[in-house]
Every structure is written in C-alpha cells, then in structure tokens.
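Presented below is the structure to which this report refers.
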Amino acid sequence: MESQLPELMKAHFLDNFKKPYELRSIPLPTLSSPHDLLIKVEAASYCHTDAVLAEGLMPPFPESFPHIGCHEFAGTVVSTHSPDGPFQIGDRVGVPGRAFHPCGKCYECSDTERAESDYNGYSVYCPSAGNHGISRPGGFAEYAVVDARQLALIPEPLTAVDTAPLMCAGLTIYGALKKSHLRPGQRVGIMGCGGGLGHLGLQFATKMGYRALGLDTAEAPLKLAKGLGTGARIVDVKIESAEEILQQLGKEDGQTDRSLMGLDAVLILPESQKAFDYGMKLLKNHGKIILVSFPKEGFHFSAADVVFRDISIVGSLVASNKTLKEMLAFAAHHNVRAVVKTFPPSRLNELVEEYHKGGGGKLVLDMSLSDSYWH
C-alpha cells in the first residue's frame, strides 16, 4: 500500500572518509520484508557518531561507499506492505538506528529476562541487525526504508524536528539514567552537560525528580546548560575542583564523612580521562559511574575505588523499543526538548562545520526548509 511516490529522491552521500557529503539523486529504495515501511524523512539529526564514522574511526563501518548517514530521524509513513500492519500511511514516526531486520533467533532476540528486553524475537542488541546510518542507509535522504518493529509513533505535541534528536541522543541518555537506578531526591552528575546528550539529560534527570549537577568545560555548552532553566546546578570544571564541589554537597546534605558525601551516580559523556577522574571523585561510597562514551584508548580507574568504596562502573549504549516509547511519552508530557539549530536539507556540509565549532545542543536538517537544491 502506498501513496503516489516519485521515482527518484535526493540523498547526501559519503563517498570516502574525511570528505564532504555529496548531494545527488537516486531511485527510491524498495521494501524487502513484511516488516518494512517507507517513510518520507521530515527531520534528520546529526550525532557525534556521524562525525566519528565520517573520520573512519568506526571500522568496519561503513562497509562500503557511497554511504548515507544519520541514525536519528523522523518522518511520515508513505508506503507499507499491508494495511493490517502496526503503522498506517500518514503515521508520524520516530526512527532510531537500531534494530533493522534482527535475526529473531539469537540469544539477544530470545532473551526476555532483562528489564531492557523487548519481546521474544526482537532485540536492539541483535548482532545480525542493521543500524541505520552506520551499517546501512540512514536518514540524510528524502525517503528511507525502516523496520516497523524499531519505530515509535510521535506523540502530540512533538514535531519531527523535536523528535529526531530524541531518537539517539534522547534515548541514549534516558536509558543511561534508567541504568543508574536512582530514586527521586538522589543526586546525579552529568559530565558534558551542555552537549547533545547532556542537555537532554539535565532535563530528563530533573523531571525524574533527581537532584542534578551539570558539569562542563567550554563556554558555549555551559551557557546553553544554564539557559535551560532546569534548576540543576551547573559547574565550570575549569574553575571549581571536584574536592570543592564535594565539600559543598556534603555541607548541603549535612554530611562530614567523606564516604557519605557526593553524588549517587555520574554519567560520563565526554571521551576524556579527566572527565572520568573528576566524576569518580564526586561519588559517595556505593555510587555508580555510567559510561556512555568509548574513547579508543579506553578509561583507566583505580581498583581502590571499586574495591574499597564499592563504586560500580556500568556501560550504557542504547535502549529498547519499549524504552523508546516510554521516553517519547515522557518528553511530550514533561516538555523535554532538545535545543536545536536547523538547516535546510541541502546544507548538510554547513551543519557539519557548525558541529565542529562545539556550540552544544543538537543540529538538525529540517526538510520543511527545503530549497531548489533539494527538489
């Protein structure tokens, strides 16, 4: 079932590593599975992973060139295999990177015991599944084929531009906060609070009832974080040391014992050993470090912190489809929105230049701003 569609579409291609995107026309992709839907992309958000991939730092991906990037986008369903499927033509949907065509049989797809598991036969962790914008074509295009099982309906009043950054940045930070297993009133720190994930994390954390501490180093991200109005305390780590912050938190909580002073959890977003070390120093005993970043050289930690202070170090990559739907409903209800700067769809290379300036927030191609180069 489909609406009237053109034969060709525009898309941005990476033709090699460390090269600008090239805009050109190609035939529309076709549906190959009963789970497939064709969507008209309305917003496509740029992620740190897009930059890493373009530099050739995610081998073996992409497995070939040319390649269409973007793994956080949103749009409208324009073609389906059947009118009896879970989505209909005209539905507005958000599209995360994972998981396109999971095998349905492996351990990951069969595991339903973990809190993050979806249903038997589907998992975002399936090693055989495709990942939009990384192992297969993504959202920097007019149209994209997606797997209905990975999608979520966009709730009112979210727009496509609101939704696209939530498909990776929002889902990742929401999932990381859930892995901290905090209770309302407990303290959480976010290292890198003014970036794409961090500024959404501040909003989610405070709306979840946590006492949030945002930490960053650069002027523009710090200004962005302070401007959110979340009530979280924002710290410039160039000016205030971890020990100073720790003493202030202890005083606020009426604690003088070092083991009882500080944060219950801290999320590490920068690929920085200094950020890791700073965050570790802020934790009280039995606290958790949630790692979201993965620098090539890894992170180093003191075994004494893990053994004598009972610090847990937990990794967090993505989250399930059920968590995606939960996160979108939460964002819509609590008015969690990314701070975005939009670009017409033909100006992806300008967006990339802006990204490397490190201003914080999210950068999004808004297809409603299209110009003559796009059509």
Side-chain angles (χ1 to χ4, degrees), residues 1-14 21-46 66-101 129-133 135-167 321 324-325 328 332 340 342-348 351 364-375:
M1 302 291 293
E2 64 182 42
S3 54
Q4 189 170 357
L5 299 171
E7 295 182 0
L8 299 175
M9 72 173 188
K10 290 285 181 67
H12 289 281
F13 290 92
L14 277 177
Y21 289 89
E22 297 290 339
L23 179 61
R24 50 183 180 264
S25 296
I26 57 169
L28 259 66
T30 56
L31 308 184
S32 62
S33 158
H35 299 291
D36 286 356
L37 303 171
L38 184 69
I39 71 163
K40 184 174 178 60
V41 179
E42 294 172 352
S45 181
Y46 193 79
H67 176 72
I68 303 173
C70 183
H71 58 275
E72 49 178 12
F73 53 105
T76 299
V77 177
V78 294
S79 181
T80 68
H81 260 290
S82 166
D84 300 322
F87 296 95
Q88 306 301 315
I89 290 175
D91 283 346
R92 301 186 313 133
V93 294
V95 188
R98 295 171 181 241
F100 183 84
H101 292 180
N131 194 346
H132 293 298
S135 64
R136 68 175 316 279
F140 291 146
E142 283 189 276
Y143 295 87
V145 172
V146 299
D147 190 320
R149 295 168 292 182
Q150 70 183 129
L151 307 182
L153 286 170
I154 300 175
E156 297 292 346
L158 296 180
T159 67
V161 170
D162 293 330
T163 302
L166 297 176
M167 293 299 96
N321 181 260
L324 173 70
K325 294 171 181 174
L328 274 179
V340 302
T342 58
F343 292 76
S346 64
R347 298 183 183 177
L348 178 55
L351 180 155
V364 179
L365 291 184
D366 181 353
M367 309 317 186
S368 71
L369 304 177
S370 62
D371 49 35
S372 59
Y373 293 100
W374 191 245
H375 291 298

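What you see is a predicted model, and the numbers here were worked out from it, not measured in a lab.
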Is there a side-chain contact between Asp366 and Phe343 in this structure, where contact means two heavy atoms from C-beta onward sitting under 4.5 Å apart?
no

If we count only N and O atoms by modelled type, under 3.5 Å, do the side chains of Ser32 and Asp36 hold a donor and an acceptor together?
yes

Considering all heavy atoms, the nearest Glu72-Ala164 contact
CB-O, 3.2 Å

Does Glu42 reach the side chain of Thr76, with side-chain heavy atoms less than 4.5 Å apart?
yes

Measuring from Leu14:CG to Tyr21:OH, what's the distance to the nearest 0.5 Å?
4.5 Å

Smallest heavy-atom separation, Arg24 atom then Pro66 atom, equals NH2-CB, 3.5 Å

Distance in Å, Leu5 CG paired with Ser79 OG, rounded so as to fall on 0.5 Å steps:
6.0 Å

Output, in order, the C-alpha distance, side-chain angles, deciding distance and verdict of side chain to side chain contact (heavy atoms under 4.5 Å, CB included) for Gln150 and His132.
CA-CA 11 Å; Gln150 70 183 129; His132 293 298; 2.7 Å; yes

I need the Leu158 CG to Arg92 CZ distance, nearest 0.5 Å.
7.5 Å

Residue pair Ala74 / Ile154: nearest heavy atoms and the distance that separates them:
CB-CD1, 4.0 Å

Under a 4.5 Å cut-off applied to non-hydrogen side-chain atoms, are Phe100 and Ser135 in contact?
no

Closest contact, heavy atoms only, Val340 versus Val364
CG1-CG2, 4.0 Å

Pairwise distance CG(Asp91) to CG(Leu37) - rounded to 0.5 angstrom:
9.0 Å

Take Leu151 and Val95 through the test side chain to side chain contact (heavy atoms under 4.5 Å, CB included) and record every step on the way to the result.
CA-CA 5 Å; Leu151 307 182; Val95 188; 3.7 Å; yes

Is any side-chain heavy atom of Ile26 closer than 4.5 Å to one of Met9?
yes

In terms of ring plane angle, is the pair Phe140 and Tyr46 parallel, tilted or perpendicular, where the classes change at 30° and 60°?
parallel

On a heavy-atom basis, the closest approach of Gly139 and Val41 is O-CG1, 3.5 Å

Roughly how far, to the nearest 0.5 Å, is OG of Ser346 from CG of Leu369?
10.0 Å

Any Leu365 side-chain heavy atom under 4.5 Å of His12 side chain
yes

Using a 4.5 Å cut-off on heavy atoms from C-beta on, say whether the side chain of Met167 contacts that of Leu328.
yes

Test side chain to side chain contact (heavy atoms under 4.5 Å, CB included) applied to Asp147 and Ser33, step by step:
CA-CA 8 Å; Asp147 190 320; Ser33 158; 5.9 Å; no

Would you say Glu142's side chain and Lys10's backbone share a donor-acceptor pair under 3.5 angstrom?
yes

For Pro165 and Val161, which heavy atoms make the closest approach, and how far apart are they?
CD-O, 3.0 Å

Show the numbers, then the answer: is there a side chain to side chain contact (heavy atoms under 4.5 Å, CB included) between Phe87 and Leu153?
CA-CA 8 Å; Phe87 296 95; Leu153 286 170; 3.8 Å; yes

Mind checking the OG1-CZ spacing from Thr163 to Phe73? Nearest 0.5 Å is all I need.
13.0 Å

